[in-house]
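First the structure, which I've put down as C-alpha cells, then a few questions once you've had a look.
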Amino acid sequence: MGVFNPTVAIRTQWILANKVILKDNFHNPPRNIAGVDVAYIGEYGLGAAVLLDYEGLHTIDEKAALIKVDIPYIPTFLAFRELPPIIKALKRLRTKPDIIMVDAHGRMHPRRCGAASHLGVVLNIPTIGVAKSRLIGKETNNGVIIDKGEVIGIKLDRNVYVSIGHRISLETAVKIVSKTKIYKIPEPVRRAHNYAERVKKLIREGTIKIEDLL
DNA sequence: GCGACAG
DNA sequence: ATCTTGTCGC
C-alpha cells in the first residue's frame, strides 16, 4: 500500500466540492446512461463501465480495465481508491456517456464530495450517486436525508440512497434513478456490478489474462 | 474521548 | 469489497 495523505485529500475534496453544479446542466432526458463499479482481484482493482440506452435500458456497450490499487479503503475517501479503475474503464467505452450513475455517494458526504461528485467534476460529466447504506446524515420520516440543516440526499425503498453527483438537481436524480429501477438496485449500477463479477470470474478461470485488461 | 463509518 | 454452496421461495 502506497502512502495516503488525508490532509491533502481533504483539501482536494473541498476544492472539488465547490465546483459541483447542483442544478440540471445536461440534455434531459439523456439518450444514454452509464453505470460504473469496481471489483477486486488481489492487488488489482477491476473497473467496469456499462452503457445503456435510456429509452429501453438495453446494454449498448460494456468495458473493463485493471489497475493496481495501492490505496486502502477509508470511509469518506473512497474516490481515491476506486476512481482510477473506473476512469480507465470509462475511457474504453465507444461512446461518451450523457450521464453516469456511480455505486457510491455524491453530495451525501461530510465534505460534499463523495466519489460520484468527485468523478463528475474531474470528467466534467453529469453524475448521480447511488449507495446501499448510509455514510452520514439523519433521515426524516419522509426519507429525506439531512446533515447540518442541509438536504443532502433521499432514501428510496429500504437501503437505496440517492444523492447528486454533478450537474444535476436532486429532484432529477431521483427521477432518473426511479426510472431505471427494475429491481432494488437501479439497472446502470446493477449491470456494472454484474459485468465486473463476470469478468472477474473469467480471469480466475484463465479465460482472460490480466495483461489484456491493463 | 467515544461512536460511526460508501465500497 | 472479499472469503463461499446450497437452498427455500415467488
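Not measured: the values here are computed from a predicted model. Per chain, numbering begins at 1; letters A, B, ... match sequence-line order.
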Check whether the aromatic ring of A/Tyr73 stacks on the base of B/dG7, taking stacking as ring centres less than 5.5 Å apart and planes within 30° of each other. yes

Kindly say if A/Ser133 contacts the phosphate of B/dG7, meaning a side-chain N or O under 4.0 Å from OP1 or OP2. yes

Is any side-chain heavy atom of A/Leu119 less than 4.5 Å from a side-chain heavy atom of A/Ile100? yes

Any side-chain N or O of A/Arg134 below 4.0 angstrom from OP1/OP2 of B/dC5? yes

Between A/His193 and C/dA1, is there a side-chain N or O to OP1/OP2 distance below 4.0 Å? yes

Look at the side-chain N and O atoms of A/Tyr161 and state whether any lies under 4.0 Å from the OP1 or OP2 oxygen of B/dA6. no

Is the shortest side-chain heavy-atom distance between A/Leu83 and A/His118 below 4.5 Å? yes

Between the side chains of A/Lys68 and A/Asp70, is the shortest nitrogen-to-carboxylate-oxygen separation below 4.0 Å, so that they form an ion pair? no

Scan the side chains in residues 207-214 of chain A for donor-acceptor partners under 3.5 Å anywhere in the protein, sequence neighbours excluded, and list what turns up.
none

Applying a 4.0 Å non-hydrogen cut-off, can you work out what A/Phe77 is touching in the nucleic acid: base, sugar-phosphate, or nothing? base

Nearest to the side chain of A/Lys200 - B/dC5, C/dT2, B/dA6? C/dT2

Which heavy atom in A/Asp98 sits nearest to a heavy atom in A/Pro126, and how many Å separate them? O-CD, 3.4 Å

In whole angstroms, the gap separating P of C/dA1 from CG of A/Leu66 amounts to 17 Å

Quickly work out the A/Arg81 CZ to C/dT2 P distance and round it to whole Å. 10 Å

How long is the line joining CG of A/Leu135 and C1' of C/dA1, in whole Å? 15 Å

Can you see which heavy atom on A/Met101 is nearest to which on A/Val130, and at what distance? CG-CG2, 3.7 Å

Taking only the side-chain heavy atoms of A/Tyr40 (C-beta and beyond), determine which of C/dA1, B/dA6, B/dA4 contains the nearest atom. C/dA1

Regarding A/Tyr40 and A/Arg81, do their side chains bring together a donor and an acceptor under 3.5 Å, going by distance alone? yes

If you look at every strand shown and take non-hydrogen atoms under 4.0 Å, does A/Ala39 touch a base, only sugar-phosphate, or nothing? sugar-phosphate

In whole angstrom, give the distance that lies between atom OH of A/Tyr44 and atom P of C/dT2. 17 Å

Taking CG from A/Asn159 and P from B/dG7, how many angstroms apart are they, rounded to a whole number? 10 Å

Would you mind reading off the distance between A/Ile136 atom CD1 and B/dA6 atom C1', rounded to a whole angstrom? 10 Å

Intra- and inter-strand pairing of DNA chain C, written as dot-bracket with Watson-Crick and G-U pairs under 3.5 Å and | for the latter, reads ..........

Sugar-phosphate only, base, or nothing, as touched by A/His118 at under 4.0 Å among non-hydrogen atoms: nothing

Could you tell me the separation between the CD atom of A/Glu197 and the P atom of B/dG7, rounded to a whole number of Å? 14 Å

Ignoring backbone atoms, test whether A/Lys132 places a side-chain nitrogen or oxygen under 4.0 Å from the OP1 or OP2 oxygen of B/dA6. no

Taking CD1 from A/Ile86 and P from B/dA6, how many angstroms apart are they, rounded to a whole number? 16 Å

Per atom distances to the A/Asp103 side chain, the nearest of B/dG7, C/dC3, B/dA6 is B/dG7

If you measure from the Lys or Arg side-chain nitrogens to the Asp or Glu carboxylate oxygens, is any gap between A/Lys200 and A/Glu205 under 4.0 Å? no

